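Model, not experiment: these values are computed from the prediction.
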Amino acid sequence: MFRVLQHHFPASALAEFLTDGLMCFLAVLLALATMSVLPVSPVPNVARGMSHVFLPAMAFTVVMSLNYVFVGLYKQRADMMSQSAQVSRALVAIVLGAPVAYLFISRSFGESINAYAMTGLAVIYLSLGVLLVRSAAFSAARTSVGAHRVLVVGTGVEAQRVAADLRARARGDHVVVGFYPTGAEGEGASRPGEFSRETPIEEIVAYHQVDEIIVAVKEQRGGNVPMEQLLACRISGVPVVDLAAFYERTRGEVPIDSLKASFLVYGHGFVQDRLRTMIKRAFDIVSSSILLIVASPVMLLTALAVRLESQGPIIYRQERVGLGGRIFMCLKFRSMRTDAEKDGVARWASKNDSRVTRVGALIRKTRIDELPQLISVLRGEMSMVGPRPERPAFVGQLKEQIPYYDIRHSVKPGVTGWAQVRYSYGASIEDARRKHQFDLYYVKNNSLLLDLLILVETISVVLFREGAQ
C-alpha cells in the first residue's frame, strides 16, 4: 500500500496500471509494424521513424487507461474480483475506448494511414495482451515475487476475519504466516497456524521474515497484548497496526465496533480548513453546471417517462438532514408510487422494493433519479460527493444506535459518496452501521483526490450495476 493525500492505494494496482499502459503503447507499435508488411492501403511510412507514431500511441494509451479506470479495474475492491471478471471488464473498456482511439489515430495520421485497420489491429493486439497478461503473467508474478508477510496478533473472531480478508484477495500479495495468541482470547488448545506464547514475537518476526504485524484484538488493556515486544518490533522497522488502521487502509472504512475516540482525536485526517472548503465549493459549482447541461436531454426524457407511466409529481421532494443537522428538501425523480407511504410511516428503501414503478426501477439502477440533486448542489445544500443525506425520521434512531453518527453531518451530503460505491442497499439498522463506517472514512480522509476517485468509481457502479441506491 502507498498513501496519497490520506488515501491508500494498493501497490499491486499501480503495477497493474503501469503494465496495462505499456501493453496499450506496444499494441499501437505492433499494429504499425504489421501494417508495414501487409497489403493495406494506404501503407504507413515507417521510414519517417517511430517519433511519427509516438503521439498517437500515447493518445491510445491514455484513452484505454482511462477506460480501465472507469470500469473499476484498479479500485481497492478490484483485488476481490476473479481473474475472469477482471479480464471481462478490461475487454469492455477496450470496446468502449476503440471509437475514441480511432478518432485520435485518424486525426494524427490523416490520409497517410488506414486508421480503421490500425485501430482494429491495435485493439486485437491489446485484447490478446489482456488475455495473456491478466490470465497468466500476473498469476506467475504473484507467486514468484515475495508477498507481503503478515503476523496476526490474536486468535479470536477478529483475527480470523483479518486473515480471511487477506486470503480472499485475488492479487495474492499478502501471506499470513500465523497467529500469536494473547490473554484476550483465554486459554485453549493450540490451533493450526498458532504460535506458542513462550516464543517472543521478535524471534517469530525474524525467523519468518514478517513484513507487518496486525493486532487483531479489540481489548488491549490489562496485559492482554505484549506491548513491549510489539514496541521492539516497531523500533526495528516492522510496522504494527491495529484493527481500525488495518480496515481503514485495506477496506476504506473505519470500524466502529473497535473504535476509540482517541483514534479520531489524535489520528490524521478531518481536514476541513477554509482552502479545502473553497476548492470543494468551486469544484461542486463547475461539475454540477457541466453535468446539468450534458444531462438535460436525459432529464427531459425521464420527466416525460415518469409522467406517462403514472399520475403524480415528476420531482419527488423529501426532507433530509444536511450539514450541521440542518433540514433541506432533497430532489429526485419520482421512482415510487404516490401512495408508497400513504400511512405517513417512514420506511427503509430496499432492493427490489415493491413500491418502485417500472420506470423507477430503471432510473434507480442507472442513478438517473439522482440527477435533480445537481440543483441542490448549485444551491449549496449538497455537494457532488459526501455521505448520503438521511431522513429526519431515521436520524434520531440511528444516532442512538450507531456510535459517532453525528460526524457525518460535519460535511455536506453528496449526490454520490464513498459508502455508495462501496456498499449495496441500506435497508436496515445493520446496513446503516456498515455504511456509516465508509462515511467515517470519507469524512476523516476527504480530499479533492478522493472526490475524483469516488466520481470515477460511480461510473463503474452505473455500468456494472454495483453499489447502492
Side-chain angles (χ1 to χ4, degrees), residues 9-75 78 81 83-138 141 290 294 449 452-453 455-460 462-464:
F9 293 90
S12 54
L14 175 62
E16 290 181 16
F17 177 78
L18 295 176
T19 303
D20 288 335
L22 178 61
M23 283 197 299
C24 293
F25 193 86
L26 291 177
V28 177
L29 300 187
L30 287 172
L32 181 63
T34 302
M35 292 182 66
S36 66
V37 297
L38 290 179
V40 294
S41 179
V43 178
N45 185 1
V46 181
R48 295 177 61 181
M50 294 307 296
S51 60
H52 182 58
V53 79
F54 179 79
L55 287 179
M58 284 302 301
F60 183 85
T61 301
V62 170
V63 169
M64 291 303 177
S65 296
L66 286 176
N67 276 279
Y68 285 165
V69 172
F70 291 150
V71 299
L73 280 180
Y74 308 117
K75 60 187 179 182
M81 292 182 197
Q83 286 185 351
S84 60
Q86 291 190 35
V87 169
S88 298
R89 291 200 180 206
L91 294 178
V92 168
I94 293 172
V95 171
L96 293 176
V100 181
Y102 165 75
L103 292 177
F104 276 105
I105 290 174
S106 61
R107 290 181 64 86
S108 299
F109 285 102
E111 297 181 357
S112 66
I113 197 171
N114 187 327
Y116 283 112
M118 185 168 181
T119 304
L121 285 170
V123 166
I124 291 173
Y125 282 130
L126 182 56
S127 299
L128 292 174
V130 165
L131 293 173
L132 174 64
V133 174
R134 286 197 170 268
S135 298
F138 278 166
I290 293 174
V294 172
L449 175 64
L452 291 172
L453 180 63
L455 290 174
V456 167
E457 290 201 14
T458 301
I459 296 174
S460 69
V462 173
L463 285 175
F464 298 97

So, taking the atom named [atom1] in [X] and the one named [atom2] in [Y], what distance separates them when rounded to the nearest 0.5 Å?
{"X": "L91", "Y": "R89", "atom1": "CG", "atom2": "CZ", "answer": "12.5 Å"}
{"X": "T61", "Y": "F54", "atom1": "OG1", "atom2": "CZ", "answer": "9.0 Å"}
{"X": "L73", "Y": "Y68", "atom1": "CG", "atom2": "OH", "answer": "7.5 Å"}
{"X": "L26", "Y": "F60", "atom1": "CG", "atom2": "CZ", "answer": "11.0 Å"}
{"X": "I124", "Y": "T119", "atom1": "CD1", "atom2": "OG1", "answer": "11.0 Å"}
{"X": "M23", "Y": "L30", "atom1": "CE", "atom2": "CG", "answer": "12.0 Å"}

Could you check whether any side-chain heavy atom of [X] comes within less than 4.5 Å of a side-chain heavy atom of [Y], counting everything from C-beta outward?
{"X": "L96", "Y": "F70", "value": "no"}
{"X": "I94", "Y": "V130", "value": "yes"}
{"X": "V28", "Y": "M58", "value": "no"}
{"X": "D20", "Y": "S65", "value": "no"}

Do you know which two heavy atoms are closest between [X] and [Y], and how far apart they sit?
{"X": "V63", "Y": "A101", "answer": "CG1-N, 4.3 Å"}
{"X": "A117", "Y": "M35", "answer": "CB-CE, 4.0 Å"}
{"X": "G97", "Y": "N67", "answer": "CA-ND2, 3.6 Å"}
{"X": "A31", "Y": "A122", "answer": "CB-N, 3.7 Å"}

Stepwise side chain to side chain contact (heavy atoms under 4.5 Å, CB included) check, V294 with I290: CA-CA 6 Å; V294 172; I290 293 174; 4.2 Å; yes
- Query: Under the 3.5 angstrom rule, does the side chain of S106 hit a backbone N or O of A115 as a donor-acceptor pair?
  - Reply: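 Checked: no pair found.
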Subject >> Test side chain to side chain contact (heavy atoms under 4.5 Å, CB included) applied to L22 and L18, step by step >> reply: CA-CA 6 Å; L22 178 61; L18 295 176; over 6 Å; no
Full working for ring-ring contact (aromatic ring centres under 6.0 Å, His included) between Y116 and Y102
CA-CA 7 Å; Y116 283 112; Y102 165 75; 4.5 Å; yes
### Pair F104-V62, side chain to side chain contact (heavy atoms under 4.5 Å, CB included): steps then yes or no
CA-CA 11 Å; F104 276 105; V62 170; over 6 Å; no
